[in-house]
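Side chains included, hydrogens not; waters and symmetry mates left out as well; all remaining heavy atoms used.
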Amino acid sequence: MKIHHTKPAVAVHKFTSCDGCQLAILNLGEALLTLAELVDIKHFAEAGVLDEAAEVDIAFIEGSISTPREMEQVKKIREQSRYLIAMGACATSGGIQALRNMSDGQGWIDAIYASPEHIKSLTTATPLSDHVRIDLELWGCPINSLQISSTIRALLFGVLPEIEQSKVCLECKRHQSVCVMVSRGEPCMGPVTSTGCGALCPQFGRGCYACYGPAENPNPNALANRFEGLGMTADEISRNFLFINNNAPVFHAIGQKYRNKGRTDE
Amino acid sequence: MTHTLPPHFLPRDQLQQLFDNLQRSGHQIYGPQVRDGAIVYAPLKSTSALPQGVEDHHAPASYRLINNGSEHWFDWVSTAQGVKPLLFRPRETLWRATRDTTGAPHFEDPANSTEKLAIIGLRACDLAALRLQDRHFLSVNHSPDPFYAARRQHLFIIAINCTRAVESCFCSSTGDGPRCDPTAGFDIAMTELDSGFVITSATPQGRQVTKPLTLRSASKAECDEAAQHEANATRQVRAVPSQNMRDTLFNALDHPQWDKIASRCLSCGNCTSVCPSCFCYSEQSEAELDGSSSEQQREWDSCFTPGHSYMHGITLRHDTRLRYRQWLTHKFAGWHDQYGRSGCTGCGRCITWCPPGIDLTAELAILNRAGGETDDG
């Protein structure tokens with residue numbers, strides 16, 4: 001069924017990232033064929049379609065801004081796109097590579113590479129929202145296919161999609177998974193993390209590692225206190241917060257606090 | 001009309017026959033089983049799936065199982081969830097809309113459940129909570145919930161009298177346990193002894209299932225032993241200050257303790273999810289990618305989410321202080337106006353499964369004290 005006479009144009013761009021979010025789109029499987037009937041995919045490198053400069057209705061961007069070229073490119077994409085959607089942890093918070101923001105980035109480059117003058121890299125990895133206006137953020141590392149299909153569906157209906165912001169715990173309980181923290185003393189970031197993943201990790205008996213970023217109204221201090229009660233060191237606690245979404249302000253602040261505390265304890 | 005027969009004795013090795021009778025009459029049995037370090041209700045066919053010699057130990061934010069070497073199947077006290085998820089499903093489709101060739105929508109109702117469920121293991125606190133959920137979902141003042149009603153209609157209940165109390169129990173203080181009285185809403189209730197069960201039937205359905213077993217009457221010694229075991233369950237270390245805290249709580253809306261609680265509360269909704277009487281849900285539509293159809297779904301919601309108090313562009317309870325206060329004042333105060341009693345039946349799950357271990361009986365005790373003093377507890 002065709003809703004539009006002219007199909008909306010879509011682009012999927014990539015900056016500093018692992019391609020996992022693009023793969024999540026490809027993982028739509030059969031729905032990808034339906035999607036191709038609903039929209040005109042102009043640029044999507046992982047699927048072999050290339051036209052980086054195409055003007056589009058919806059642009060998804062995977063990846064953080066970590067090079068001077070990306071800083072320029074994201075501005076161009078903003079100008080040529082009606083809706084700009086940050087897709088995945090790298091684009092929404094800077095991703096795991098934002099850990100470099102807390103250390104001497106240039107020092108690492110000088111130490112590792114034989115000819116560091118060829119490396120054109122910023123000393124920081126930052127989210128898209130630090131550089132341009134973003135219309136929507138889809139958190140997750142990686143995002144899941146449903147986030148993509150429901151976002152495109154909502155935009156085709158002419159409404160904004162509902163973005164999950166409640167804690168992972170609610171979804172975990174809907175699945176009737178047994179709480180790993182209460183039954184096993186396993187640290188779990190679920191109580192401060194936004195759901196959207198379907199509480200995947202606890203269903204397999206492991207704690208949440210916060211790949212969907214901070215939930216609405218989080219209380220990281222209370223969770224860190226609980227982690228202390230489980231016998232974790234300050235350094236271990238800091239690593240739970242300073243992980244995939246280490247640069248998300250809520251996680252960054254508490255993670256740094258425990259990181260500094262860990263250093264003092266040593 | 002319930003009529004309890006004098007207690008009979010069910011030898012341990014005959015429980016399987018009771019299961020067989022239930023299954024012959026078309027019931028799917030849900031019974032306690034160990035899964036991921038907790039006792040949960042899951043489908044079973046045989047008594048061999050029951051958790052033999054398994055005890056649960058509780059503390060705020062802690063649940064652990066140990067093996068006590070006993071032959072008993074019901075030495076545990078509290079399951080991770082009560083009967084709630086079997087009747088009020090965590091997520092279900094309410095209706096479906098499909099476009100026809102002209103683009104007009106057509107609405108379809110999902111088929112009502114015709115499943116016949118039997119559950120074995122419910123305790124007095126869970127039965128009391130079930131009566132509260134019935135009151136809410138089957139209310140004649142509103143239209144009864146057809147999804148809940150269809151499942152409830154066919155539910156067969158084998159209750160177990162507690163023979164231990166765990167650290168989070170406080171059903172004695174709410175007046176809901178620990179013994180399942182004949183009007184509690186069970187078909188069969190049993191108390192476990194070493195050799196078997198002292199068993200009573202409260203309904204015609206219950207008698208129909210036990211009759212083919214040709215059980216003898218329980219002896220006085222067996223009844224006395226059952227009563228002794230049941231008395232163990234009255235040794236509870238927690239209590240609510242009063243069965244009616246309506247005025248106390250509504251007069252304490254500005255108590256500084258709410259801020260103290262908010263500093264520890266994760267606003268994660270674990271308490272409301274495990275609460276056997278909490279009934280809030282939210283609805284959303286899930287559209288097919290091609291826009292040809294859409295499902296209206298509901299899922300468990302919580303007073304700890306922003307959506308719970310969202311209206312006309314404003315989230316009224318935007319912080320944890322207001323959200324926790326809503327949970328506690330609704331459960332222990334608002335319920336009296338709505339349903340004529342408190343909404344808490346003393347199961348203690350909200351204490352055990354709260355990740356930071358907030359003990360609502362301790363918080364109620366502080367709020368109950370006059371003068372607005374706070375406590376770091």
* Taking B:D36, B:D319, B:L65, B:L289 one by one, which has the highest count of heavy-atom pairs under 4.5 Å against chain A? -> B:L289
* **Pick from B:S263, B:S62, B:P306, B:A287 with the largest number of heavy-atom pairs that fall under 4.5 Å of chain A** => B:P306
* Asked: Checking heavy atoms, do the side chain of B:R89, its backbone, both or neither come under 4.5 Å from chain A?
  -> neither
* Measuring heavy-atom distances to chain A, does B:A262 have an atom under 4.5 Å in its side chain, in its backbone, in both, or in neither? -> backbone
* Structure fact -> Comparing A:V182, A:N225, A:L35, A:L170 against chain B, the one with the most heavy-atom pairs below 4.5 Å turns out to be A:V182
* Asked: Given a strict heavy-atom distance threshold of 4.5 Å, which part of A:S166 is in contact with chain B: side chain, backbone, both, or neither?
  -> side chain
* Exercise: identify the closest heavy-atom pair between A:N240 and A:P187 -> OD1-CB, 4.4 Å
* **SB check B:E295 B:R96 (cutoff 4.0 Å)** => yes
* Asked: Contact part of B:T320 toward chain A, heavy-atom cut-off under 4.5 Å: side chain, backbone, both or neither?
  -> both
* Asked: Taking 4.0 angstrom as the limit, do A:E216 and B:R323 come out as a salt bridge?
  -> yes
* Structure fact -> By salt bridge (charged side-chain N to carboxylate O under 4.0 Å, His left out), B:E286 pairs with (sequence neighbours left out) none
* Structure fact -> Max heavy-atom pairs within cutoff under 4.5 Å with chain A, candidates B:C354, B:S273, B:G37, B:A80, goes to B:S273
* To do: Work out which heavy atom in A:V178 is nearest to a heavy atom in B:A38; give both atom names and the distance.
  => CG1-CB, 3.7 Å
* To do: Give, as side chain, backbone, both or neither, the part of A:K167 having an atom under 4.5 angstrom from any heavy atom of chain B.
  => side chain
* So, A:E171 and A:R174, do they make that salt bridge, N to O below 4.0 Å? -> yes
* **Side-chain donor or acceptor of B:R64 paired with backbone N/O of B:D56 under 3.5 Å** => no
